[in-house]
Structures are given as structure tokens and as C-alpha cells.
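Scope of the values below: all heavy atoms of this structure, side chains included, with no hydrogens, waters or symmetry mates.
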2 protein chains.
Amino acid sequence: MPAKKSVSPRKPPKRKAATPVARPYHHGDLREKLIAATEALILERGVDGFSLREVARRAGVSPAAPAHHFGDTKGLLSDVARLGFKDFGDALLEADRRGGNDPAKRLDEQGIAYVTFALKNPARFALMFRHDKYDATNEALHVVADRAFNALEGAIRAVQGLAPTDEMTEDAYGLLLATWSIVHGFAHLALGGELDDAARTRGGKDAILKSFLPLALKHRPIPSPRK
Amino acid sequence: MPAKKSVSPRKPPKRKAATPVARPYHHGDLREKLIAATEALILERGVDGFSLREVARRAGVSPAAPAHHFGDTKGLLSDVARLGFKDFGDALLEADRRGGNDPAKRLDEQGIAYVTFALKNPARFALMFRHDKYDATNEALHVVADRAFNALEGAIRAVQGLAPTDEMTEDAYGLLLATWSIVHGFAHLALGGELDDAARTRGGKDAILKSFLPLALKHRPIPSPRK
DNA sequence: TATTCAGACTTGACACTGTTTAGATCGCGG
DNA sequence: CCGCGATCTAAACAGTGTCAAGTCTGAATA
């Protein structure tokens, strides 16, 4: 019940009083605070351990406060997912750049980056692929998600000798599916703990990224003229 | 409080009165009823839409009744997952048998069976790989899960010319990881709706199984001496 | 046959969740 | 200077899982 407030009627300065500039609303940067708290919470307890009330609690506001910034729970999680897709796309595009002019290397680098991102950002990655947890019709989210997907498709096109405007051949589409599947599947197996037993017996905790991933990617799908 | 009973003092036969034999408890086969209701519910609303109270409601018992048979929610879901792994293993082993003496065909058939099971039993499959939803220490569950996994490993061994007692080579383990990843990833992408857009433009709703899967599996990992 | 007794189930409560409603408070622009 | 809209709180509602107690029942025991 209302213990805290009625007991100590002092402390008028609710806001931090420092840097009175660049504080768009009269109660601080709640929006960003909620997002940060959400990312921390799903990292701690998983996507399903998330609770809107807990996030509000950590941000020091009432349970209903987030509604004004995000509408509802899905609105908040949509924004967190959007940020995740942004960073995910950045990682893939940077890996693509590392591949230089070698299409096969571009694909290799992206595959490694895909799984690495998933394992380094387990909570975000899990959320990103849980469509039931956020609003699927969110436009801004679709944009960054497509951007990440197109990075992969671009490398597939290059490795198949297709121009960006060419229509995908059946074979190229199959290669795209196979490549996406293998990295996505590996990420899910790793995040699901499916490889933990093996990792325990075959090297330390980071055996998954350092050992298993290269081992698996050695068998990754390759373009039609198999070398 | 007891509205129902005091209002209508009739209907003494609470149990079905038919087949008075093989009814171990005095109120019927609640255990199986709860499991059936659970499978129906997660099929309707997804794994996260599950609710213990709703299941109890559908089985016509009080919210606390399931506790006596399964302990808690995780106990119930563990049993449902166990049954899922049982059928999953059956499907994989049957596919393995269809492969006959051709190790590559055994692998092919298992891959198709893996994804097919996932798409035909989306709710069960989703639950099976959501370790947070059930009790990981459940022994009976581990047994059937390992059985399914070993079906895949067996075919990998055969295709690599390894005896069941031989230690896995690094290359064989990489092939196992890559194969598992590609089918698991494809299943997750399909169940996550990630392929729905493409399926809509490239054929009907079952384009995923009929068209995409063969296309992707054409690029599946193959044993070292690439043909 | 009568009585005990453990298993199966209900009742009622507790703490928690997300969301809605109405109201309080603050700061900016007229 | 003052209203007004953006921001947040308080209280309530329906829903959740789980627990402690109590009720009922069928079968084995004395």
C-alpha cells in the first residue's frame, strides 16, 4: 500500500536536476529507460520471463506508465526487436564488406556473423524470431528486418553470378534457403542448449563458436559447381 | 458454495457408466484427458497461449486438479513433450528404415521426415524445443529425446563408414551438426512464418513442404568426398 | 462386515500478470 | 498567466499458477 510516499513527504526533486537540457519530457527519458530495462530483463529471465510490470518497477514508474509510450506490451517489445534487427543488419552488412570481392567469402563471413550475433545477443535474437511477442504489422520493424535479410540474399546472388535485378533462379533460391537454414538452425540449437552436452565434453564453454561452428560451416551449402 | 450439486440433486452417475473396467481412479481417466486437452490447446493458441486453468476447464475439473497428476504446469508439459519426442523418434526411425541400405538415402529420408514432422505437428515440435517450458531433468523425456537424436547420428555414421562403436571423427561431427542445423533451421523458419511471404508468391500454402524443402535439401551437406 | 486410509478432487486464498479508467501533475505555447 | 495536452499515478478488473485445507470415494485391512 501507500507506505513510502506518505511516510516521507519530502524530496521534491524527482528529476535528476543535472543537465536540465535535452530532456524532452518533464519526467526524464522514460522511453529509453524502459527499452534498456527490457533488454536487461529478457537477458536475465528470457523472453518469456519478461513482465511489463517488472520493467516499470525497474524504471521507477507505475505499471501503467509504459502504455503511453508504447501502447501495450507488444509495442514495447516491437521496438526492442526493431533495435535488435538494426544491429543484426549492421553485423551482417559489415561481415559482407569484410568479404570484399570474393562472393564465397562474403557468404562465409555472413554465416559466421549470423551465428555470432545470435550467441552474443541471445535474448534479442530470441525475441526477434518470436513473432507472437511483437506487432507483426510494425512498419519500421519490417524495414530493418528486410534490410538484414537482403544482405544474405545479396551474397547469394553474387555467388551465383546474378545481378541484383535478375530474378532468382530455383537453384539460387534453394541455396539461399539452405544457407539461411543452416545458420539459423545452428543458432537455435546453440541457444536452445542442444549443443551444451557436447560442448562440455569437447572443449570449454566457447567450443560452440570456436570449434563447432567452423566444423559445421565446413559443410555449408556451396554453389552448384561443387568444387 | 456448492451450487451445482445442491441445485440439482439428481444425476448420480458422474462416471460414464460404460466399461466399468480398466478405470484406475474413481473419477475417470483424467490424466489422459488433460494431456489431450493440452495438445489441443497449444495447437489452437500456441505454446505460450497455454493455460493450466483453461486445460482444467476443458477437462471439467477444478484448477487444482491437474497438480495431483503432474505436480505443476511444467510436469504436464513435460509429459506432452515426452509423447512428442516419442512420435518424433518413431517418424525418424521409420524414415531411416525406408532408406534401406543406402546411407545417403537414409539421411535424405530422415531430413524430410524431420521437417515434415515439424510442419505437421507444429505445436508439439515448438514445445519440444522450448526447454524453459518443461522440466529438463525429466529422465523419461531424456530417453526418448536421445533416441530421436541417435537416429540421426546413426545415419551420419553409416554415411561416413563409421561403426556404431567408433568414435566420431571431427569431420563426421561437423557433418552431423550441419545436417541437424539445416533441417532444424528450415523447420524453425517455416514454423516462424519466415517463409510465408515467399510461399504466397511461389505456389500455394504447401509450397514450403512440396517445393522449398526439396530445393533446400538439394543443397544439403554431403559427405567429404563431394560427388 | 465395519473401519480406516490413502488417493483424487474441490474450495478458497494469495501473489502475480496486462490493461483500462479516471484523475493528478507538470511544462510549454498561446 | 493560463489553459491544455503530454505524462504519469492510483485503483480496479479479469486472468494466471500454486498452495493449504478440507471433502469425497473406493478399496484394503481388522
| Greater than 12 external heavy atoms within 6.0 Å of A/Glu44's CD | yes

Quick note, A/Leu30 side chain, CB onward, closest among C/dC9, D/dT9, D/dC8 is D/dC8

Residues in residues 70-81 of chain B with a heavy atom under 4.0 Å of DNA chain C, by number, are none

In whole angstroms, the gap separating P of C/dT17 from CG of A/Leu41 amounts to 10 Å

note: B/Asp29, atom CG; C/dA8, atom C1'; distance rounded to Å ~ 14 Å

For this session: Determine the interplanar angle of the B/Phe129 and B/His184 rings, folded into 0 to 90°, and report it as parallel if under 30°, tilted if 30 to 60°, perpendicular if over 60°.
Result: perpendicular

Picking from C/dC9, D/dC8, C/dT10, the nucleotide nearest the side-chain atoms of B/Ala64 would be C/dT10

Whole-Å distance, A/Leu52 CG to D/dC8 P, equals 14 Å

- Task: If the plane angle is over 60° it's perpendicular, under 30° parallel, otherwise tilted; pick one for A/Tyr114 and A/Phe125.
- Result: perpendicular

How about B/Glu194 and B/His188: does a side-chain donor come under 3.5 Å of a side-chain acceptor? no

task: Would you tell me if any nitrogen or oxygen in the side chain of B/Ser62 comes within less than 4.0 Å of OP1 or OP2 on C/dC9?
output: no

Discussion item. Counting only side-chain nitrogens and oxygens, does A/His69 get under 4.0 Å of the OP1 or OP2 atom of D/dA6?
Written reply: no

Considering just the side-chain nitrogens and oxygens of A/Ser51, establish if one lies under 4.0 Å of OP1 or OP2 belonging to C/dG18. yes

Atom CZ of A/Arg31 and atom C1' of D/dT7 are separated, to the nearest Å, by 14 Å

Between CZ of B/Phe50 and P of D/dT18 the distance, given in whole Å, is 9 Å

To the nearest angstrom, the NZ-P distance between A/Lys33 and D/dC8 comes to 10 Å

Under-4.0 Å side-chain N/O to phosphate OP1/OP2 contact, B/Arg57 with D/dG17: no

Can you tell me if B/Gln110 uses its side chain to pair, donor with acceptor, with the backbone of B/Ala151 under 3.5 Å? yes

Practice task
Return the orientation label for the B/Tyr134 and B/His131 ring planes: parallel under 30°, perpendicular over 60°, tilted otherwise.
Solution key: tilted

A/His68 NE2 to C/dA24 P, in whole Å, measures 17 Å

To the nearest angstrom, the CZ-P distance between B/Arg53 and C/dT17 comes to 16 Å

Correct closest heavy-atom pair for B/Ile208 and B/Ala190 would be CG2-CB, 4.0 Å

